[in-house]
Amino acid sequence: MALATGTRTLTMAQAISEAIGQEMERDPSVFVMGEDIGKYGGIFSATGGLLDRFGPERIMDTPISESAFIGAATGAAAEGMRPIAELMFVDFFGVCMDQIYNHLAKNTYMSGGRVRLPVVLMTAIGGGYNDAAQHSQCLYATFAHMPGLKIVVPSNAYDAKGLMVSAIRDDNPVFYFFHKGIMGLPWMAYFEGSTTPVPEQPYAVPFGEARVAREGGDVTVVAVSQMVQKAVLAAEEAAKEGISAEVIDLRTLVPLDAESVARSVDKTGRLLVADEDYLNFGLTGEIAALVGERLGSIKLKAPIKRLGVPGTPIPYSRPLEQATIPQVGHLVEAMRGLMTTSVA
Amino acid sequence: MEPTAEQLLWMYETMQVIREYEEVMAKVYLEGKLPPHIQKGLAFDIGSGPVPGEMHLAAGQEPVAVGVCAHLRKEDTVVGTHRPHHFAIAKGVPLKEMTAEIFGRATGLGRGKGGHMHLFDAEHKFSCSGIVGASLPPAVGAALAARKLGKDWVAVAFFGDGAANQGTFHESLNLAALWKLPVVFVCEDNKWAISVAKGMSTAIASNADRSTAYGIPGVRVEKNDAVEVFEVGGEAVARARRGDGPSLIEVKTDRYFGHFQGDAELYRPKGEVEELRRNDPIPALAAHLRARGLLDEAGDAAIRARVQRVVTEAYEFARSSPYPESAEAAQHVFV
Ligand SMILES: Cc1ncc(C[n+]2csc(CCOP(=O)(O)OP(=O)(O)O)c2C)c(N)n1
């Protein structure tokens, strides 16, 4: 990639806080609320350095009262502000779901489009570092399942910045999910493919446009977030065995770029959907279904394969966790399987 | 309510076990987490070593756990927090199985499925949760069950000052007061909720004052002292056991380590911990015991030796225990 002037390499955490900072400079109605987002800079550094630049009136540490401050984001947005609220881990949605789902996600609709709620809710997702069942979930599919929230799930720093800019400028509620294991934190192992060149100037990555993370002709792998990084590594492994995998990074689930998925599967005839969220009733089923609905025009060479967290909470113990969350090796194995089975 | 000699000595030894346990954990936790054993460029890797994941230690907060649990029986319920070791130890949860759980081993309380924030011991009626504010409702439920079962059991919910701003705090106090349930709500005010100081998150100085909103007794213990907690805790537990309903206690206590291990604590004033450690409640209790003629040099040495032994044995048990088979991951979603 030819680097535009002012392009440097940033971690995803740096890219997110840069996007927020630039939008705050541009638009005085943008402000941030959350736990430990001030001096601490966010537990996963998504608001690093912002308190020093914007002060406590706009970078607001909150009490541990998620219903109150996320509900307040909805209320402030209805009055014309553009709040960003951080839910420290998505797993904590349980204590504030009513404000998210019955209000933030529905008020626009129930008002016949008269109430605008330009709220960005951002949150940390994912496991892989043994934080167990209450701190390792992804859950984006839970929120994509229910209408009224745009769902953003970046896999790398470039997209993270551009998608955050789009999220802040959107007049609708956007739920933005960053995976801890791609933030590029100095205290957690991460996938280095997520640290990328990022232009200094603000730019928007539009919602609903998937990205081809890697081109290939034999197998389509559809993924989001950290799983995209795993899929790219798995594709490189598989290439050594002569399997050419195309990796599609959906980038947003709502809106969903079904066409890009269909186009790729039409080309390869084989689909693997790999996900770190729960397997049942989730993203993998949704993608499989959208291909299934197009079987009139798409010709599959092998039955669809899905990988996800299979119907169990995330276990703590390392061997259990590693077995539960799909790893690069599981993806390679699944690709092999696709190449050696065929449709009836 | 004055503690007996036996109760004083139990509190002293239990505080020592807790302190030793947490200090050993602080060291064990770092194993395998520092360069050069980790991904290049990292300063620390939370997911490596024999004890991966988050680790919240309670050194300094021992008086809250022992001062309250000294009044409890095996049938009484304790619900703890994300920082649970001191409560678990004071409630009598076996140290070996607890440590094995924290190491993710098959011999652990939850066969390695729960981990440090999710310790479940049905026999000793202890549980905890990584969700802030989650301890209060289940304690209310345990108290409700005790009444329905016709037992004089008591339930204790421990929680931090940060949790007192969660909706569950207010809902649980009201419900327990309304139904006059045998619950004791105990708030550990260690001043911090991760990086946010209590004064930056809580509109009033003492959470104990919030009891008036629910018409129940509320007491603040101003000193991080086992005997003072014992006295106030004893009244609350006795009141609950008598059937006179819930109470709220807030104890001023001190967090000696970071919020979690690996926390750089850039938000914390320099020297704060050194200052706090000058009022360490363990030597304070030792001095009290000596003044009352309940402890001498030899007795203290014997206690220390016992403490060392049980803690060492617990860690050795955990280390030498096997990991669960990966196929176990699919088990126990349902029974
Ligand atoms: C519902 C929920 N929100 C946020 C968190 C993240 N979190 C974990 S511990 C903590 C601070 C808790 O402070 P406090 O209750 O005072 O307990 P302490 O850590 O001081 O023991 C926070 C914000 C969480 N685990 N659950």
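Computed from heavy atoms alone, side chains included, the values below leave out hydrogens, waters and symmetry copies. What you are looking at is a predicted structure, and each value in this text was computed from that prediction instead of being measured.
- Neither the backbone nor the side chain of B/I38 comes within less than 4.5 Å of any heavy atom of chain A.
- Chain B forms the most heavy-atom pairs under 4.5 Å with one residue out of A/P313, A/A132, A/A189, A/P56, and that residue is A/A189.
- Looking at heavy atoms from C-beta onward, B/L42 lies in side-chain contact with A/Y190 at the 4.5 angstrom threshold.
- The side-chain heavy atoms of A/T312 and B/H332, taken from C-beta on, include no pair separated by under 4.5 Å.
- Inspection of the B/S195 and A/D36 side chains reveals an N or O donor paired with an N or O acceptor under 3.5 Å.
- Smallest separation of non-hydrogen atoms from A/V95 and B/Q166: CG2-NE2, 4.1 Å.
- A/E192 has its side chain within reach of B/Q39: a pair of non-hydrogen atoms, C-beta onward, lies under 4.5 Å apart.
- Annotation: maximal heavy-atom pairing with chain A below 4.5 Å, among B/S129, B/A164, B/G262, occurs at B/S129.
- Ranked by heavy-atom pairs under 4.5 Å with chain A, the first of B/G115, B/G104, B/G112, B/P52 is B/P52.
- The part of A/M88 that comes within reach of chain B is its side chain, from C-beta onward, which places non-hydrogen atoms under 4.5 angstrom from that chain.
- Top candidate by heavy-atom pairs under 4.5 Å with chain B, chosen from A/S136, A/G127, A/P319, A/P315, is A/P319.
- The candidate with the highest count of non-hydrogen atom pairs below 4.5 Å against chain A, out of B/L266, B/T168, B/T202, B/I102, is B/I102.
- Taking CD of A/Q134 as the start and CD1 of B/I131 as the end, the distance is 4.5 Å to the nearest 0.5 Å.
- For B/F169, no part sits under 4.5 Å from any heavy atom of chain A, backbone or side chain.
- No side-chain heavy atom of A/S317 sits less than 4.5 Å from a side-chain heavy atom of B/K113.
- Residue with the most contacts toward chain A among B/M117, B/E328, B/K198, B/M200: B/M117 (heavy-atom pairs, distance under 4.5 Å).
- No part of B/Q331 comes within reach of chain A, as not one of its non-hydrogen atoms sits under 4.5 angstrom from that chain.
- Only the side chain of B/V333 comes within less than 4.5 Å of a heavy atom in chain A; its backbone stays farther off.
- You'll find the side chain of B/D263 reaches within 4.5 Å of the side chain of A/Y40, heavy atoms only.
- When each of B/G47, B/A106, B/G110 is checked for heavy-atom pairs under 4.5 Å with chain A, B/G47 comes out on top.
- In terms of heavy-atom proximity, A/S65 sits nearest to B/N165 at OG-O, 2.6 Å.
- The aromatic rings of A/W187 and B/F260 sit tilted, their planes meeting at an angle between 30° and 60°.
- At distances below 3.5 Å, not a single donor-acceptor pair connects side-chain atoms of A/N130 with backbone N or O atoms of B/V51.
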